[in-house]
Number of protein chains: 2
Amino acid sequence: MDDLTEMLKGTLEGCVLEIIAGEETYGYAITRRLNELGFTDVVEGTVYTILLRLERNRLVQVTKRPSEVGPPRKFYALNDAGREELARFWAKWQYLSSRIDKLKEGGR
Amino acid sequence: MDDLTEMLKGTLEGCVLEIIAGEETYGYAITRRLNELGFTDVVEGTVYTILLRLERNRLVQVTKRPSEVGPPRKFYALNDAGREELARFWAKWQYLSSRIDKLKEGGR
DNA sequence: TCCTGGTACCTCGTAGTACCGAGTACTGCT
DNA sequence: AGCAGTACTCGGTACTACGAGGTACCAGGA
C-alpha cells in the first residue's frame, strides 16, 4: 500500500487507545499489533510518541513491570478520561467516514 | 461535531479532488460544497492552500473566467494525473477504513 | 457618493502529528 | 565477550489544516 502517513494523522492515536482498551499492554507489543492489523509501516518511534502524549494528557494509567526477555515494560491501561476520549474518537470516525462515503457515492 | 482537523489531514485533498472530478468548479464554491457535505468547519484558506498544491503538483487544469457577481473565478478540472491521484486516494481510503473498522470490531 | 455585504482569491504564520535516526539498556544464547 | 531480540527515549524534519489578515470586484441602499 502507498504511503498512508498523512491519512493516519488523527486516527492512529485512536487506534492505540482502542488496542489499550482491549487489554493492558506496552509500546513494543502495540507496534506489533498495529503491524498485524495492516498498519504495516507504523514504527516504534511513532507509537512511543503517541504513548507519551496519552500519558501527558492523563488518558492512561502506567505501570512498569519487569520482563523476562528484556528491559522492563511500561504497561498502559485506560482510565475514565481515556475511555471518554476513545468514545469521542469513534464518534468522530463514524462522522467522518459517513461523510466521505456519501461524497464517494455522488454526494447529493 | 468535535474538532476534526487532525483527522482530515490527508483526506481533505482527496475530497477536493472528488468534487472537482464531479464538475469543473472553483475555490469558493468548493468550500461551500464541503460545508454542505458536513465538513462544516473547513474554511476558504484551507481550500485555497489545497488548490494551490494541486496546481503545483500538476493534477489540475486551471481556467480563469469572469463572473457576473464578483471577481473572476479560477475553475479547476482534473487532468489524467489528477484522476490517477484520485484513484490512489480512494484505494488508500478503502484500505484505511477497512483496517479501522476491523480494529473496531475487535480486530482478530 | 460612500458604505455595506456578498463574492472570490491569496499569503503568512502557527500548531499538531507521524516519521526518521540515533542512542541507551536489559536479557539470553553462542 | 559479542550478538540478536526486546524495550524505551529523544531531537529534528516534513507535511497539513487552520486562523487572521489583506486585496479586489460588484450590487444596492443611505
Side-chain angles (χ1 to χ4, degrees), chain A residues 1-17 24-35 39-57 59-60 62-76 85 89 92 96 100, chain B residues 1-17 24-35 39-57 59-60 62-76 85 89 92 96 100:
Chain A
M1 173 54 51
D2 260 25
D3 188 27
L4 285 179
T5 66
E6 287 308 324
M7 228 180 241
L8 284 175
K9 291 188 179 177
T11 65
L12 206 48
E13 180 177 317
C15 295
V16 171
L17 281 172
E24 192 182 33
T25 181
Y26 55 98
Y28 192 78
I30 292 169
T31 309
R32 291 296 162 84
R33 186 94 186 85
L34 284 169
N35 295 152
F39 304 94
T40 51
D41 294 338
V42 174
V43 294
E44 292 171 46
T46 300
V47 174
Y48 288 114
T49 56
I50 291 172
L51 290 171
L52 291 176
R53 193 160 69 231
L54 295 180
E55 193 175 353
R56 178 162 31 90
N57 295 344
L59 300 174
V60 289
V62 187
T63 316
K64 201 162 192 169
R65 301 215 187 94
S67 162
E68 290 166 5
V69 293
R73 297 164 172 165
K74 283 175 71 177
F75 280 82
Y76 294 83
E85 182 60 28
F89 165 72
K92 286 203 280 186
L96 177 65
I100 299 221
Chain B
M1 172 55 50
D2 260 26
D3 188 29
L4 286 179
T5 65
E6 287 308 325
M7 227 180 241
L8 283 176
K9 291 190 176 173
T11 65
L12 207 46
E13 179 177 317
C15 294
V16 171
L17 281 171
E24 192 181 32
T25 181
Y26 54 98
Y28 191 78
I30 292 169
T31 310
R32 292 293 163 85
R33 187 94 186 85
L34 284 168
N35 295 152
F39 303 94
T40 51
D41 293 338
V42 174
V43 293
E44 292 171 45
T46 301
V47 173
Y48 288 115
T49 56
I50 291 172
L51 290 172
L52 290 176
R53 193 159 70 231
L54 295 179
E55 193 175 352
R56 179 162 31 90
N57 295 345
L59 301 174
V60 288
V62 188
T63 316
K64 202 163 194 170
R65 301 215 186 95
S67 161
E68 290 166 7
V69 293
R73 299 163 171 165
K74 281 176 72 177
F75 281 82
Y76 293 83
E85 182 60 29
F89 166 72
K92 285 203 279 186
L96 178 65
I100 298 217

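Labels below follow one simple rule: chain letters A, B, ... track the order of the sequence lines, proteins then strands, and each chain is numbered from 1.
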| Protein-nucleotide distance (A:R56, atom CZ; D:dT9, atom P), rounded to Å | 13 Å

| Position toward the 5' end of DNA chain C (nearest nucleotide), A:D41 or A:V69 | A:D41

| task | Nearest whole angstrom, please: distance from the P of D:dA14 to the CG of B:N57. | result | 16 Å

| remark: Separation of D:dC15 atom C1' from B:M7 atom CE, nearest Å, is 18 Å

| said: Quick check on D:dC15: is either OP1 or OP2 less than 4.0 Å from any side-chain nitrogen or oxygen of B:R53? | reply: no

| query | Across the strands shown, which category fits A:R32 at heavy-atom distances under 4.0 angstrom: base, sugar-phosphate, nothing? | reply | sugar-phosphate

| said: If you compare all heavy atoms of A:V47 against all heavy atoms of A:V42, which two are closest, and at what distance to 0.1 Å? | reply: CG2-CG1, 3.8 Å

| Spacing of B:Y48 atom OH relative to D:dG19 atom P, expressed in whole Å | 16 Å

| remark: By nearest-heavy-atom nucleotide on DNA chain D, the more 5' of A:L52 and B:D3 is A:L52

| task | Looking at every strand, decide which applies to A:T46 at a 4.0 Å heavy-atom threshold: base, sugar-phosphate, or nothing. | result | base

| task | Please report the shortest heavy-atom distance between A:Y76 and A:V60, naming the atom on each side. | result | CD2-CG2, 3.8 Å

| field | Matching residue for B:L54 among B:V62, B:T49, B:L17 - test: side-chain contact (heavy atoms from CB on, under 4.5 Å) | value | B:L17

| request: Provide the closest heavy-atom pair for A:C15 versus B:I100 in the form atom of the first, atom of the second, distance. | output: SG-CD1, 4.0 Å

| remark: Here the distance between atom C1' of D:dT9 and atom OH of A:Y76, to the nearest Å, is 10 Å

| Opening and closing nucleotides of DNA chain C in contact with chain A, under 4.0 Å to non-hydrogen atoms | C:dG16 to C:dG28

| query | So, are A:K92 and B:E6 salt-bridged, with charged N and O less than 4.0 Å apart? | reply | no

| query | Between A:Y26 and D:dC8, is there a side-chain N or O to OP1/OP2 distance below 4.0 Å? | reply | no

| note | Testing D:dC15, D:dC18, D:dC8 for proximity to the side chain of B:T5, the answer is D:dC18

| request: Could you say whether A:S67 or A:K9 is positioned toward the 5' end of DNA chain C, judged by the nucleotide with the nearest heavy atom to each? | output: A:K9

| note | In terms of heavy-atom contacts, A:K74 and A:Y26 come closest through O-CB, 3.1 Å

| Touch class at under 4.0 angstrom, heavy-atom based, for A:L12 against every strand present | sugar-phosphate

| So what does A:E44 touch, heavy atoms closer than 4.0 Å: a base, only the sugar-phosphate, or nothing? | base

| query | Just to confirm, is there a sub-4.0 Å distance from OP1 or OP2 of D:dT9 to any side-chain nitrogen or oxygen of A:K74? | reply | yes

| said: Any side-chain to backbone donor/acceptor pair from A:Y48 onto A:Y28? Under 3.5 Å, distance only. | reply: yes

